[in-house]
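Heads up, the thing below is written out as structure tokens.
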Amino acid sequence: MSKKSTTRKKRRTPFDPNVFLTTAAKGRVLSAYPKKQIIFAQGDAADSVHYIQSGKVKVTVVSSEGKEAVVAILGADQFFGEGCLIGQPKRLATAMAMTQCVTMQVEKHEIQRVLKDEAAFSHIFVSHILTRNARVEEDLVDQLFNSTEKRLARVLLLLANFGKEGRPEPVVAKISQETLADMIGTTRSRVSHFMNKFRQMGFISYNGHLEVHSSLLSVVLAEQSRSVTRGTAS
């Protein structure tokens, strides 16, 4: 064996984002949370980013007057707490486990290092940020221009991951009507009215858990069609 081959440096193992997000190591802590446990609270130090391996997480904000608003309900393969990367010293919201869930907590300095050094991870994270921003814009348009019925239908489809795998799945977490009302900016009584309507029309069903059917998409599409017609007429 030549001296050149014996002194050759070992090749670095290719970086695998999935391994990084599923194995604990320096700067990364894997944690399991029971239902309703606080992962971090509004006002806590913003010193890490979380990645959801399994389960659902509810993100809420409480105003100075004590009014709570649901900002988002997140599921597997989503990040949260990324505000620390843009200099937020404190958490602006509270994250709570809606179901039993497992998250990977990545310290700020560690995720900054990986974003700088690993293009594969950077691509995944940037895609997440862009998708989240698009969702925020859609939520704003939804809140400003769409009816309560359409807003509720859209939220239910999102909770059932419609479009992610092409087919809605059961909503495992028990989502209260109060939570749904907070998410779409209406009252519990209005949510109850439309939930009953959706069930009678076969768009949703209850069998120990809420199940959303793809036919619920017709509510969203019907309103889009009416909006286009009105816009053309004007």
Side-chain angles (χ1 to χ4, degrees), residues 17-116 118 121-122 124-140 143 155 158-159 161 164 171-176 178-185:
N18 291 324
V19 172
F20 178 82
L21 291 169
T22 56
T23 56
K26 184 178 180 181
R28 308 198 304 274
V29 179
L30 194 62
S31 302
Y33 297 93
K35 182 179 178 180
K36 293 187 178 181
Q37 182 171 336
I38 300 296
I39 299 172
F40 59 71
Q42 188 172 334
D44 286 353
D47 54 8
S48 60
V49 174
H50 289 255
Y51 172 79
I52 305 172
Q53 287 192 11
S54 62
K56 287 187 180 292
V57 172
K58 180 169 70 171
V59 182
T60 59
V61 175
V62 177
S63 70
S64 57
E65 292 78 23
K67 184 177 180 180
E68 183 180 88
V70 178
V71 177
I73 292 179
L74 308 174
D77 300 325
Q78 291 186 287
F79 294 90
F80 63 100
E82 60 269 37
C84 68
L85 298 176
I86 57 172
Q88 290 178 358
K90 302 290 184 181
R91 300 291 190 189
L92 301 183
T94 294
M96 183 186 75
M98 289 193 71
T99 64
Q100 289 186 342
C101 64
V102 177
T103 76
M104 173 63 77
Q105 180 180 356
V106 186
E107 293 179 5
K108 178 181 177 179
H109 67 84
E110 175 66 358
I111 198 165
Q112 286 176 326
R113 180 190 68 79
V114 177
L115 285 170
K116 178 182 177 182
E118 305 295 346
F121 183 83
S122 181
I124 290 174
F125 194 78
V126 169
S127 294
H128 157 78
I129 295 297
L130 293 175
T131 300
R132 176 71 64 81
N133 284 347
R135 169 71 187 276
V136 169
E137 289 179 3
E138 290 169 359
D139 287 346
L140 180 59
Q143 195 79 354
V155 163
L158 288 170
L159 290 173
N161 289 325
K164 185 176 182 181
V171 179
V172 179
K174 290 185 177 179
I175 310 293
S176 70
E178 288 85 359
T179 296
L180 289 171
D182 287 341
M183 292 180 72
I184 65 174

Next item on the list: Show your reasoning for whether side-chain contact (heavy atoms from CB on, under 4.5 Å) applies to Thr60 and Met96.
Entry: CA-CA 8 Å; Thr60 59; Met96 183 186 75; over 6 Å; no

Margin query: Please check if the number of heavy atoms outside Gln100 that lie under 6.0 Å from its CD is greater than 12.
Written below: no

Next item on the list: Using modelled atom types only, decide if a donor and an acceptor are shared between the side chain of Ser122 and the backbone of Glu118 within a distance under 3.5 Å.
Entry: no

Check: Closest heavy-atom contact between Ala76 and Ser54?
Finding: CB-CA, 4.3 Å

Notebook entry, point to check: Which heavy atom of Ile73 sits nearest a heavy atom of Val70, and at what distance?
Noted result: CG1-CG1, 4.3 Å

Note to self: I'd like to know if the side chain of Glu110 and the backbone of Glu107 have a donor-acceptor N/O pair within less than 3.5 Å.
What the structure shows: no

Note to self: I need the Thr94 OG1 to Asp44 CG distance, nearest 0.5 Å.
What the structure shows: 7.5 Å

Item checked: Residue pair Ile175 / Met98: nearest heavy atoms and the distance that separates them -> CD1-CE, 3.2 Å

Note to self: Ring-plane angle category for Tyr51 and Phe79, please: parallel below 30°, perpendicular beyond 60°, tilted otherwise.
What the structure shows: tilted

Next item on the list: Taking Thr22 for its side chain and Asn18 for its backbone only, find out whether a donor-acceptor pair lies under 3.5 Å.
Entry: yes

Next item on the list: Please work out whether the ring planes of Phe121 and Phe125 are parallel, tilted or perpendicular, with thresholds of 30° and 60°.
Entry: parallel

Margin query: Within this structure, what is the CZ-SG distance for the pair Arg91 and Cys84, rounded to the nearest 0.5 Å?
Written below: 6.0 Å

Notebook entry, point to check: Side chains of Gln42 and Val61: does their closest heavy-atom pair fall under 4.5 Å?
Noted result: yes

Notebook entry, point to check: Taking all atoms of both residues into account, what is the closest heavy-atom pair of Arg28 and Phe20, and its distance?
Noted result: NE-O, 2.9 Å

Note to self: Minimum heavy-atom separation for Cys101 and Lys56, please, with both atom names.
What the structure shows: CB-N, 4.2 Å

Notebook entry, point to check: What are the two closest non-hydrogen atoms of Val49 and Gly81, and how far apart are they?
Noted result: CG2-O, 3.9 Å

Check: Residues two or more places apart in sequence or in another chain: which of them pass side chain to side chain donor-acceptor pair (under 3.5 Å) with Glu138?
Finding: Arg154

Item checked: Glu82 versus His50, side-chain donor and acceptor atoms under 3.5 Å -> no

Notebook entry, point to check: CG/Asp182 to CD/Glu68 distance, rounded to the nearest 0.5 angstrom?
Noted result: 6.5 Å

Next item on the list: Starting from the C-alpha separation in whole Å, work towards a yes-or-no answer on side-chain contact (heavy atoms from CB on, under 4.5 Å) for Ile124 and His128.
Entry: CA-CA 6 Å; Ile124 290 174; His128 157 78; 5.8 Å; no

Notebook entry, point to check: OG/Ser127 to CZ/Arg132 distance, rounded to the nearest 0.5 angstrom?
Noted result: 13.5 Å

Checklist line | Worked verdict on Leu85 versus Leu115 for side-chain contact (heavy atoms from CB on, under 4.5 Å) | finding: CA-CA 11 Å; Leu85 298 176; Leu115 285 170; 4.0 Å; yes

Notebook entry, point to check: Any side-chain donor paired with an acceptor under 3.5 Å for Ser48 and Gln105?
Noted result: yes

Checklist line | Distance in Å, Leu74 CG paired with Arg135 CZ, rounded so as to fall on 0.5 Å steps | finding: 8.0 Å

Next item on the list: Take Ile39 and Phe80 through the test side-chain contact (heavy atoms from CB on, under 4.5 Å) and record every step on the way to the result.
Entry: CA-CA 11 Å; Ile39 299 172; Phe80 63 100; 4.0 Å; yes

